[in-house]
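Structure provided below as structure tokens; questions to follow.
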Amino acid sequence: MSVEIAGDDPDLCEPHEEGGEPWWHPQWIPWAQSDGDSQVIDMREGPQQGRLGSAAHDDTASFGDGWPSLAAYLNDVADVLDHGGTVGPWAPFLTTDGELWWSFEGETELNGCPLAPAPTSQGG
């Protein structure tokens, strides 16, 4: 869908500044989405191929806070679920239904319902 929206529009498919990122590139693979923003894998040729970044629906993309690969990200997720902590700014919680939910560290509720820190193998 983003490829169709961007089309050949240079305002959407070319960086606005030197070294910047466009709004969308056809060689990004979206692998997660929330509220119109996508997490992407950069498949452009070069030494940074495979890195993760985010493509906001209302801004240019960013790879500055991403991971070098999906494997590195999933390793961090597994470590946090096992030992506690955060993955970037995100911490794991359990909803009142016992479902896993990721939100900012220190959050206490989701839509008026309490969140509980996710348990870890360390007893947390």
Side-chain angles (χ1 to χ4, degrees):
M1 180 177 77
S2 295
V3 170
E4 290 175 13
I5 292 170
D8 293 330
D9 185 343
D11 285 337
L12 298 177
C13 58
E14 294 176 12
H16 290 242
E17 57 190 47
E18 183 74 26
E21 297 293 342
W23 175 79
W24 191 261
H25 194 281
Q27 289 181 305
W28 293 342
I29 299 171
W31 64 276
Q33 184 180 31
S34 177
D35 297 327
D37 299 336
S38 297
Q39 299 300 310
V40 297
I41 302 172
D42 187 359
M43 294 308 296
R44 294 176 286 184
E45 293 291 326
Q48 296 179 327
Q49 185 178 47
R51 67 185 172 159
L52 302 186
S54 59
H57 70 279
D58 60 352
D59 201 356
T60 58
S62 172
F63 290 90
D65 294 334
W67 281 259
S69 68
L70 183 57
Y73 171 78
L74 293 175
N75 185 65
D76 285 355
V77 168
D79 282 347
V80 166
L81 291 174
D82 196 29
H83 303 290
T86 62
V87 178
W90 305 102
F93 295 93
L94 292 180
T95 67
T96 54
D97 295 330
E99 295 177 359
L100 181 63
W101 181 261
W102 293 84
S103 194
F104 293 110
E105 188 173 29
E107 289 289 320
T108 59
E109 62 179 50
L110 173 65
N111 299 325
C113 296
L115 287 172
T120 66
S121 64
Q122 309 300 309

* Asked: Can you find a heavy atom in the side chain of Gln49 that is under 4.5 Å from one in the side chain of Met43?
  ->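 Heavy-atom side-chain distance check passes, below 4.5 Å.
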
* Of all the heavy-atom pairs spanning Ser69 and Ala72, show the shortest one and how long it is. => OG-N, 3.0 Å

* Glu105, CD: over 12 other non-hydrogen atoms inside 6.0 angstrom -> no

* To do: Specify the closest pair of heavy atoms between Val40 and Pro30, including all atoms of both residues, with the distance to one decimal.
  =>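 Distance-wise, the nearest heavy atoms are CG1-CA, 4.1 Å.
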
* May I ask you to test the Leu115-Thr95 pair for a side-chain heavy-atom distance under 4.5 Å? =>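 Yes; the side chains approach each other to less than 4.5 Å.
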
* 4.5 Å side-chain heavy-atom contact, Phe93 and Trp102 ->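 No, side chains not in contact.
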
* Asked: What are the two closest non-hydrogen atoms of Leu100 and Ala118, and how far apart are they?
  -> CD1-CB, 4.4 Å

* To do: Please work out which of the three classes, parallel, tilted or perpendicular, describes the rings of Trp67 and Tyr73, given edges at 30° and 60°.
  =>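 The arrangement is perpendicular - the two ring planes meet at more than 60°.
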
* Please check if atom CG in Asp65 has more than 12 non-hydrogen atoms from other residues, nucleotides or ligands closer than 6.0 Å. =>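 Atom CG in Asp65 is not packed in, count stays at 12 or less.
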
* Asked: Are Leu94 and Pro119 close enough that some pair of their side-chain heavy atoms sits under 4.5 Å apart?
  ->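 Yes, side chains in contact.
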
* Asked: Taking side chain as C-beta onward, heavy atoms only, is Ser54 less than 4.5 Å from Asp37?
  -> no

* Rounded to the nearest 0.5 Å, what's the gap from CG on Leu74 to CG on Asp79? Could you check? => 11.0 Å

* Would you say the side-chain atoms of Asp97 pair up with the backbone N or O of Glu99, donor to acceptor, closer than 3.5 Å? -> no

* **Heavy-atom closest contact (Gly50 atom, Ile41 atom, distance)** => O-CG2, 3.8 Å

* Exercise: identify the closest heavy-atom pair between Cys113 and Thr96 ->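 Result for this residue pair: CB-CG2, 4.2 Å.
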
* To do: State the CG-CD1 distance between Leu52 and Ile29, to the nearest 0.5 angstrom.
  =>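 Leu52 atom CG to Ile29 atom CD1 measures 10.5 Å (nearest 0.5 Å).
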
* Asked: Nearest heavy-atom pair of Val87 and Val77: which atoms, and what distance?
  -> CG2-CA, 3.8 Å

